[in-house]
Asks: 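There's a structure below that I have some questions on.
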Amino acid sequence: MLDRRFILENVDLVQQNCEIRGVKADVPRFAQLETERRTLQQEIEELSRQANAVSKSIGKAKDDAERESRKQEGRRLREEKDQKQADIDRISAEGDAIYNRIPNLTHAETPHGGEEASQELRRGAIEVRPMSFPILDHVALAEQHKLVDFEGGARIAGHGFYFLKNEAVLLELALQHFTIDLLVKEGFTPMITPDLARNEIVQGVGFVPRGPETQIYSIENHDLNLVATAEITLGGLYAGQVLEEEQLPIKLCGISHCYRTEAGAAGRASRGLYRVHQFTKVEMFAFTLPNQSEDMHNYLCNLECEIFDSLGLPYKVLDIASGDLGGPAYRKFDLEAWMPGRGSEGEYGEVTSTSNCTDYQARRLNIRYKKKGEKGTDFVHTLNGTAVANSRAIIAILENCQQADGSIIIPEVLQKYVGKERIGAVE
RNA sequence: GGAGAGGUGGCUGAGUGGUCGAAAGCGCCGGUUUGCUAAAUCGGUGACCGGUUCACGCUGGUCCGCAGGUUCGAAUCCUGUCCUCUCCGCCA
């Protein structure tokens with residue numbers, strides 16, 4: 001969320017920002033309510049002050065009669081205070097409903113508009129390879145090489161679940177291992193995170209844990225939800241804490257399963273492994289000083305590029321348009337990898353995403369840092385980025401690395417982890 | 001899962017209804033002293049939300065895990081909840 005005071009002082013700017021993001025929020029109304037709330041709050045504090053003074057005087061009262069009259073006075077003051085508090089609660093409820101919808105500010109270079117306005121920043125090092133043979137999609141390839149059991153997954157847990165088998169398992173482990181090795185070299189602390197998280201944390205990171213628009217599975221009779229990404233657990237790690245300035249930046253990478261209800265998604269675009277209810281992901285997360293976050297964002301994006309370049313997969317990098325950003329993101333880059341089997345003649349499909357959330361998440365999660373030698377604290381900046389989302393990376397690998405003879409050459413950097421060079425080698 | 005104990009400032013830890021934002025010690029910051037360091041000694045030392053000020057600052061409120069309740073008044077009493085520790089049970 002944004003700083004309340006900042007909103008009051010920049011009503012027009014915040015309103016405009018809502019508009020470019022396609023968010024309906026009545027900022028002037030919020031400002032009005034917030035101003036009222038502040039006035040009331042001051043009145044309450046004055047009443048509290050008086051009541052406190054009265055209470056203190058009771059201990060020193062010289063006789064019972066005076067004591068009793070002072071008690072009356074105290075009661076009266078606190079009742080009056082409670083009245084005003086009820087007013088505040090009412091005003092706050094309306095104000096907060098608006099406040100919670102107000103998204104983060106937007107980077108100056110972010111293109112304005114909807115999904116189609118997102119701007120291509122660059123391409124990866126590897127060109128799309130022309131294939132002079134009938135191209136199979138990953139579902140066909142997986143079937144041919146017995147890599148995924150979709151029917152089995154559906155029988156166990158329903159559509160959107162699957163068993164990985166054989167080399168797909170090795171490939172998944174290899175992707176994780178390769179990525180973690182790379183990130184550890186870059187100074188990230190590797191973590192394996194909980195797959196469940198409390199409502200409070202889920203909400204703090206910016207996801208909606210329950211209710212009609214949720215994308216999150218929740219556990220009945222528990223204050224717990226299956227995480228949709230390790231962003232939730234890594235971001236929540238320091239909730240409510242004050243970090244030391246010299247600890248920053250903190251770079252974490254976490255392996256977790258990711259569970260998504262994917263309500264309302266269906267069709268060919270979600271065929272096979274593309275849109276599933278569970279997958280495994282290595283996520284990068286960073287806590288930085290405010291003036292470090294932009295550099296960190298570019299760094300995370302470059303790491304994503306490095307990973308996909310290393311895998312030998314063609315991709316493009318998009319600067320995501322304002323209307324397509326989630327609430328917490330100030331700027332977002334997506335990597336879309338070339339998937340030859342997607343659509344009728346191949347399409348790019350999103351494989352990773354990195355966001356700079358500036359202080360928006362930190363304010364919700366109450367993550368601060370203390371400046372050396374200065375009074376007070378300030379909110380950190382948080383950033384997240386996908387290092388590798390296994391299901392989609394596997395699609396890109398299977399489809400891009402297929403050969404005329406139907407075999408699949410395993411990306412060189414993964415071969416030592418998989419223990420072979422090719423899936424379905426012809427003798 | 002069952003039984004018990006406990007959660008207080010950066011840390012250790014006192015505090016069982018009022019003058020307690022909270023003793024004391026440690027740590028940290030500053031001064032004095034001292035060849036240097038150390039020691040000694042004196043003073044200062046939490047966060048958050050407001051008001052006021054050009055600013056140093058001054059000032060109100062809130063915070064003793066969290067949320068409620070009782071009371072004129074709660075760190076202290078009551079309820080719920082989360083967490084930690086010990087013992088028992090179960091278990092990869």
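None of these values were measured; they are calculated from a predicted model.
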Asks: Write down the partner of B:U81 under the Watson-Crick or G-U wobble criteria, each distance required to be under 3.5 Å.
Replies: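 B:G65 is the nucleotide pairing with B:U81.
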Asks: Show me, pair by pair, the donor-acceptor contacts under 3.5 angstrom made by side chains of residues 249-258 of chain A, not counting sequence neighbours?
Replies:
unit_1	atom_1	unit_2	atom_2	d
A:K251	NZ	A:E186	O	2.6
A:K251	NZ	A:Y299	OH	3.2
A:S256	OG	A:A230	N	3.4
A:H257	ND1	A:D195	OD2	2.9

Asks: To the nearest 0.5 Å, how far apart are CG in A:D137 and CE in A:M339?
Replies: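 These two atoms lie 11.5 Å from each other.
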Asks: Now, which nucleotide makes the Watson-Crick or G-U wobble pair with B:G35, with each of the two distances under 3.5 Å?
Replies: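 Pairing partner, where one exists within any strand: none, as none qualifies.
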Asks: Below 30° counts as parallel, above 60° as perpendicular, anything between as tilted: where do the rings of A:Y217 and A:F161 land?
Replies: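 Judged by the thresholds at 30° and 60°, the geometry between A:Y217 and A:F161 is tilted.
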Asks: Any base atoms under 4.0 Å from A:R78, or only sugar-phosphate, or nothing? Heavy atoms, all strands.
Replies: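 Sugar-phosphate contact only.
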Asks: Taking B:A14 as the reference, what is the distance to B:A22 when you measure between their C1' atoms (whole Å, please)?
Replies: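 The same atom, C1', in both gives a distance of 10 Å.
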Asks: Quick one: is B:G61 close enough that its OP1 or OP2 comes under 4.0 Å of any side-chain N or O from A:R49?
Replies: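 A:R49 to B:G61 OP1/OP2: no side-chain N or O under 4.0 Å.
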Asks: Round to the nearest Å and state the distance from A:K56 atom NZ to B:G18 atom P.
Replies: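 It is 13 Å, rounded to the nearest whole Å.
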Asks: What's the CD-C1' distance between A:E200 and B:A67, to the nearest Å?
Replies: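 Answer to the nearest Å: 11 Å.
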Asks: Does a sphere of radius 6.0 Å around NZ in A:K146 hold more than 12 heavy atoms from other residues, nucleotides or ligands, not counting ones at 6.0 Å or beyond?
Replies: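 Counting neighbours around NZ of A:K146, 12 or fewer heavy atoms of other residues, nucleotides or ligands fall under 6.0 Å, so no.
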Asks: Can you measure A:L77 atom CG to B:U71 atom P for me and round it to whole angstrom units?
Replies: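 Computing the A:L77:CG to B:U71:P distance gives 17 Å.
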Asks: Any strand is fair game: report the nucleotide pairing with B:C56 by Watson-Crick or G-U wobble, both distances under 3.5 Å, or none.
Replies: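 Checking every strand shown, B:C56 finds no partner, since no pair has both distances under 3.5 Å.
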Asks: Taking 4.0 angstrom as the limit, do A:E34 and A:R38 come out as a salt bridge?
Replies: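 A salt bridge links A:E34 with A:R38.
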Asks: Where the side chain of A:S48 is defined as all heavy atoms beyond and including C-beta, which of B:C72, B:A47, B:U62 is the nearest nucleotide?
Replies: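 Taking heavy atoms from C-beta onward, the closest nucleotide is B:U62.
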Asks: Is A:T377 close enough to B:C48 that one of its side-chain N or O atoms is under 4.0 Å from OP1 or OP2 there?
Replies: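 Yes, because at least one side-chain N or O of A:T377 sits under 4.0 Å from OP1 or OP2 of B:C48.
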Asks: Does B:A92 pair with anything, Watson-Crick or G-U wobble, both distances under 3.5 Å, and if so, with which nucleotide?
Replies: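 B:A92 is paired with nothing.
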Asks: Please compare A:I44 and A:R5 by the position of their nearest nucleotide in RNA chain B and report the one closer to 5'.
Replies: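 Nearest-nucleotide comparison on RNA chain B picks A:R5.
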Asks: Between A:R198 and B:C83, does any side-chain N or O lie under 4.0 Å from OP1 or OP2?
Replies: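 For B:C83, OP1/OP2 do have a side-chain N/O of A:R198 under 4.0 Å.
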Asks: Look through every strand shown and name the nucleotide pairing with B:C87 as Watson-Crick or G-U wobble, where both distances are under 3.5 Å.
Replies: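 Because both required distances fall under 3.5 Å, B:C87 counts as paired with B:G2.
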Asks: With a 4.0 Å limit, can you tell me whether A:N52 has a side-chain N or O closer than that to the phosphate oxygens OP1/OP2 of B:U62?
Replies: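 Yes, A:N52 has a side-chain N/O under 4.0 Å of OP1/OP2 on B:U62.
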Asks: For B:A47 and B:G21, measure between their C1' atoms and round to the nearest Å.
Replies: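 Going atom to atom, C1' in each nucleotide, I get 11 Å.
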Asks: With RNA chain B as reference, determine whether A:K71 or A:E46 sits nearer its 5' end, using the nearest nucleotide of each.
Replies: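 That would be A:E46.
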Asks: Determine, step by step, whether A:H138 and A:Y274 satisfy the ring-ring contact (aromatic ring centres under 6.0 Å, His included) criterion, reporting the C-alpha distance in whole Å, the side-chain angles of both residues, the deciding distance to 0.1 Å, and the verdict.
Replies: CA-CA 9 Å; A:H138 75 280; A:Y274 193 78; 8.1 Å; no
Asks: Please give the distance between the P atoms of B:C77 and B:G7 as a whole number of Å.
Replies: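 After rounding to an integer number of Å, I get 11 Å for this pair.
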Asks: Between B:G18 and B:A74, how far is it from one C1' atom to the other, in whole Å?
Replies: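 Taking atom C1' in both B:G18 and B:A74, they lie 10 Å apart.
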Asks: Rounded to whole angstrom, note down the P distance from B:G15 over to B:C20.
Replies: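 B:G15 and B:C20 have their P atoms separated by 16 Å.
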Asks: Mind checking if A:Q42 touches a base, just sugar-phosphate, or nothing, with heavy atoms under 4.0 Å?
Replies: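 Contact class for A:Q42: sugar-phosphate only.
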Asks: Once you apply the 3.5 Å cut-off to both distances, tell me the Watson-Crick or G-U wobble partner of B:G9, or none.
Replies: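 No nucleotide pairs with B:G9.
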Asks: Provide, to the nearest angstrom, the distance between the CZ atom belonging to A:R37 and the P atom belonging to B:G51.
Replies: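 Nearest whole value for this atom pair: 11 Å.
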Asks: Name the pairing partner of B:G44, where a pair is Watson-Crick or G-U wobble with both distances under 3.5 Å, or state none.
Replies: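 For B:G44, the partner nucleotide comes out as B:C28, under the 3.5 Å rule.
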Asks: Do the numbers put A:R392 on top of the ring of A:F279, so that NZ or CZ is under 6.0 Å from the six-membered ring centre and no more than 45° off the axis?
Replies: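 Relative to the ring axis of A:F279, which defines the angle, A:R392 lies outside at least one limit.
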Asks: Taking the same atom, C1', in B:U76 and in B:G69, what whole-Å distance lies between them?
Replies: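 These two C1' atoms come out 15 Å apart once rounded.
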Asks: Just so I know, are the side chains of A:E143 and A:F150 near enough to count as touching, which here means a heavy-atom distance under 4.5 Å?
Replies: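 No, side chains not in contact.
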Asks: Can you tell me how far P in B:U12 sits from the matching atom in B:C85, rounded to whole Å?
Replies: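 One P to the other, the span is 15 Å.
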Asks: To the nearest angstrom, how far is A:I201 atom CD1 from B:C66 atom C1'?
Replies: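 Interatomic distance, CD1 of A:I201 to C1' of B:C66: 13 Å.
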Asks: Please report, rounded to the nearest Å, how far the C1' atom of B:U62 is from the CD atom of A:Q85.
Replies: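 These atoms are roughly 11 Å apart.
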Asks: Going by modelled atom types, is there a donor-acceptor pair between the base of B:G60 and the side chain of A:E45 at under 3.5 Å?
Replies: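 Side chain to base: pair found, below 3.5 Å.
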Asks: Taking atom C1' in both B:G6 and B:C66, what distance in whole Å separates the two?
Replies: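 Per the computed distance, 16 Å lies between those C1' atoms.
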Asks: In whole Å, I'd like the distance from the NZ atom of A:K370 to the C1' atom of B:C28.
Replies: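 From A:K370 NZ to B:C28 C1': 11 Å.
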Asks: Going by purine N1 to pyrimidine N3 plus the second Watson-Crick contact, or the G-U wobble pair, all under 3.5 Å, which nucleotide sits opposite B:C72?
Replies: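 Here B:C72 is engaged in a pair, and the nucleotide opposite it is B:G18.
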Asks: Please state how far atom CG in A:N221 lies from atom C1' in B:U81, giving the value in whole angstrom units.
Replies: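 One finds 16 Å between C1' of B:U81 and CG of A:N221, rounded.
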